[in-house]
4 protein chains.
Amino acid sequence: MKGEETRRRIVESALELFSEKSYHDVSMEEIAKKAGLSKGGLFHHFPSKYDLARTVLFTLLDEWLENLTARLEGLSGREKLETLVDAAFELITTSPKLSRFFLELYEESLRLNKTADWDEFYGRYLGSVSSILRDAGARDPEKKALLLGALVDGLALHHLLSGGKLFEVEDMKEEVLRIMEG
Amino acid sequence: MKGEETRRRIVESALELFSEKSYHDVSMEEIAKKAGLSKGGLFHHFPSKYDLARTVLFTLLDEWLENLTARLEGLSGREKLETLVDAAFELITTSPKLSRFFLELYEESLRLNKTADWDEFYGRYLGSVSSILRDAGARDPEKKALLLGALVDGLALHHLLSGGKLFEVEDMKEEVLRIMEG
Amino acid sequence: MKGEETRRRIVESALELFSEKSYHDVSMEEIAKKAGLSKGGLFHHFPSKYDLARTVLFTLLDEWLENLTARLEGLSGREKLETLVDAAFELITTSPKLSRFFLELYEESLRLNKTADWDEFYGRYLGSVSSILRDAGARDPEKKALLLGALVDGLALHHLLSGGKLFEVEDMKEEVLRIMEG
Amino acid sequence: MKGEETRRRIVESALELFSEKSYHDVSMEEIAKKAGLSKGGLFHHFPSKYDLARTVLFTLLDEWLENLTARLEGLSGREKLETLVDAAFELITTSPKLSRFFLELYEESLRLNKTADWDEFYGRYLGSVSSILRDAGARDPEKKALLLGALVDGLALHHLLSGGKLFEVEDMKEEVLRIMEG
DNA sequence: TATGAATGAGTCTTCATTCAT
DNA sequence: GATGAATGAAGACTCATTCAT
């Protein structure tokens with residue numbers, strides 16, 4: 001499986017680059033070079049830049065969801081909720097550049113009329129998260145899951161735009177936790 | 001003031017274009033043509049595309065804020081809150097393409113390291129909105145104002161990405177109202 | 001002869017593709033997929049795209065010539081002439097996209113300095129056609145054969161370029177018949 | 001009129017290149033360099049390669065038609081006919097690479113579905129040439145004009161493909177003259 | 001025979017921006 | 001204030017072909 005290995009290397013290299021610079025500031029040439037193959041070879045594995053970026057992002061999100069599930073094992077309802085909110089905020093705060101990448105890919109999928117790409121992930125996310133919220137005894141867990149997603153993305157955005165000066169992450173986390181419990 | 005008039009025409013034309021197509025899919029050439037002047041002339045009025053787009057967006061946001069203030073005149077606390085949430089959702093739902101434009105400009109300011117551009121507007125927004133929330137008797141009005149901003153942007157984003165299938169706007173509005181009151 | 005069978009399948013698939021789209025718009029990848037083998041396998045049977053396309057075309061032309069010969073069996077001189085002209089026009093009118101393919105391959109052989117590829121077919125064509133013309137009592141049958149070839153190609157070209165609006169095929173056929181008889 | 005001058009220079013340079021090499025072997029980069037401006041500048045004047053090439057070709061054809069008209073001044077019917085056929089053959093024989101360029105552009109317009117581009121020229125050509133033929137007393141001048149066009153293109157093609165070995169130009173010219181008179 | 005990963009050279013095109021007039 | 005010619009840097013993508021397996 002030479003191909004699988006190369007593919008992995010490409011996705012990794014792309015992720016590194018996308019966490020450093022804007023989507024539009026990363027070229028396929030650059031990714032190819034970093035992954036140690038030719039531009040043509042890169043396109044052999046991914047038919048388009050958007051396609052590659054989408055793979056990168058969804059790989060990340062899937063890992064996040066998996067990781068979250070693992071962390072919840074054996075926790076109480078209340079603890080589950082805290083862990084969920086923690087994990088959501090980690091997504092924002094660990095690498096600010098990465099949330100930018102999220103945003104950029106959102107936009108790119110809008111631009112290319114590929115919003116359908118998100119349906120499947122949304123389904124998975126809502127399934128997992130609303131079940132966590134249900135376990136934690138939250139009212140209207142589906143709506144809460146939606147709210148959490150929107151809040152996290154919105155907060156990430158404003159966090160980025162204000163250079164982190166707009167709010168204290170810990171403060172906000174508490175606030176969000178309160179909303180989720182509500 | 002011939003210049004003022006031309007400027008206005010440019011901003012208007014740009015707004016129309018930006019509500020139709022993606023930021024990156026609108027060229028300065030196109031804007032110039034629509035505004036009825038040459039590319040050179042356009043750059044005479046706005047030093048860069050980003051600068052023009054920012055003007056467009058902030059003009060819009062300022063109008064929104066002004067309009068909101070006017071609508072609040074003479075209302076009770078509770079009514080003020082409802083009006084605020086209504087107005088926030090109008091921003092999302094009136095023109096979906098426009099929220100895309102917001103998102104794109106957010107991103108562009110990140111790319112160009114111009115995030116400071118938002119400070120002034122944030123200040124004005126937080127001032128106005130938190131005072132509304134305070135009047136309405138909300139606990140922790142500053143934090144609430146932040147949350148509202150994030151929620152609205154996040155919801156707009158997910159609304160766009162799901163093609164409106166993710167949630168019922170009215171449902172969400174109620175939920176948000178509840179949070180603001182909380 | 002597994003190989004022969006595969007070869008045939010390739011040529012058939014390529015022909016189908018070349019009658020749908022321009023030579024340059026058909027990729028070896030596409031042909032391979034349609035023929036049900038890999039790109040590498042395709043190149044195993046044909047050393048180059050041009051080589052494959054040439055095979056496709058000459059197969060077609062050979063079939064045409066063979067078919068023509070068969071149709072002439074037992075006809076009078078005058079009938080032979082009519083059949084010849086008919087057959088020539090069939091080549092143009094049956095599939096317009098196909099005459100485009102002719103043209104494209106002509107050009108490609110010029111580009112690759114492979115014009116010698118045509119010598120053999122020309123020889124065969126001129127031999128067959130001029131003998132038909134001679135039987136039909138035409139003056140200067142060799143020159144007539146040349147003229148017929150040129151006319152057919154030229155008419156095919158203009159037919160294509162005008163979308164068939166330039167002339168009535170039947171009208172032209174009569175005119176050409178008159179020339180051949182002249 | 002700096003622009004007009006540049007445009008002329010571009011068309012000239014492109015013509016030189018297109019008479020040396022195949023359409024696909026000439027790059028816009030190359031044309032720009034030869035014309036002494038940047039690639040961007042080139043695209044400022046011609047929105048696409050095809051567009052430029054079309055301009056080059058039609059400029060040439062228009063000049064040919066104009067030149068022909070001038071040469072016919074004061075000639076007798078028979079002389080007009082001879083001059084017409086001469087001029088047509090000159091188009092083929094003067095620069096073989098040029099007729100290749102014709103062919104290539106024909107093909108490109110087919111590929112890009114731009115065949116309508118030829119309508120106007122066809123109209124002009126048929127008008128001029130059929131009136132010459134009418135003056136010369138030819139039967140069915142419109143059909144003859146069509147035939148002449150097809151013959152010239154077809155002969156050019158075969159001339160190219162055979163490297164000039166297929167026929168003697170002068171011989172063919174006589175033959176064509178005879179057809180036109182017929 | 002066949003696979004498919006990899007190459008590498010090449011292409012058109014886009015566009016914000018500058019500047020001489 | 002305005003024009004439009006010109007720049008230059010970039011960028012995604014294509015594809016015939018080769019080759020190790």
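Numbered from 1 within each chain, the chains take letters A, B, ... in sequence-line order.
- When each of E:dT13, E:dG4, F:dA12 is scored by its nearest atom to the side-chain atoms of D:K49, the top-ranked nucleotide is E:dT13.
- Using modelled atom types, one finds a donor on one side chain and an acceptor on the other under 3.5 Å when comparing B:W118 with B:S109.
- Within 6.0 Å of NZ in B:K33 there are 12 or fewer heavy atoms belonging to other residues, nucleotides or ligands.
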Audit row: A:R7, A:T55, side chain to side chain contact (heavy atoms under 4.5 Å, CB included) steps and yes/no: CA-CA 10 Å; A:R7 232 184 117 89; A:T55 302; 4.1 Å; yes
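- Look at CD1 on B:I10: it is 11 Å from P on F:dG1, rounded to the nearest Å.
- At whole-Å resolution of the value, CG in A:L37 and P in E:dG4 are 18 Å apart.
- Separating the NE2 atom of D:H44 from the P atom of E:dT18 is a distance of 17 Å, rounded to the nearest angstrom.
- Between B:E29 atom CD and F:dA6 atom C1' there is a gap of 13 Å when expressed in whole angstrom units.
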Nucleotide pairing, DNA chain F (Watson-Crick or G-U, distances under 3.5 Å), in dot-bracket with [ ] and |: .||||||||||||||||||||
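- Atom CZ of B:R111 is separated from atom P of E:dC15 by 13 Å (rounded to the nearest Å).
- With hydrogens and angles disregarded, a donor-acceptor distance shorter than 3.5 Å links the side chain of D:K49 to the backbone of D:V26.
- For C:M28, whose side chain is taken as the heavy atoms from C-beta onward, the closest listed nucleotide among F:dT14, E:dT17, F:dA16 is F:dA16.
- Side-chain contact check for C:Y106 versus D:L103: every heavy-atom pair is 4.5 Å or farther apart.
- Checking D:S38 against A:G41, the closest nucleotide of DNA chain F that is more toward the 5' end is the one next to D:S38.
- Protein atom NZ of A:K39 is 13 Å distant from nucleotide atom C1' of F:dC15, rounded to whole Å.
- Ring-plane geometry between D:F18 and D:F101 is classed as parallel, the angle between the planes falling under 30 degrees on a 0 to 90 degree scale with a further cut at 60.
- F:dA12 atom P lies 10 Å from atom NE2 of A:H24, rounded to whole Å.
- Summary of the strand contacts: A:F43 and C:S27 both lie near DNA chain F, and taking for each the nucleotide with the nearest heavy atom, the more 5' one is attributed to A:F43.
- Computed from coordinates, the C:K33 NZ to F:dC15 P distance equals 12 Å when rounded to whole Å.
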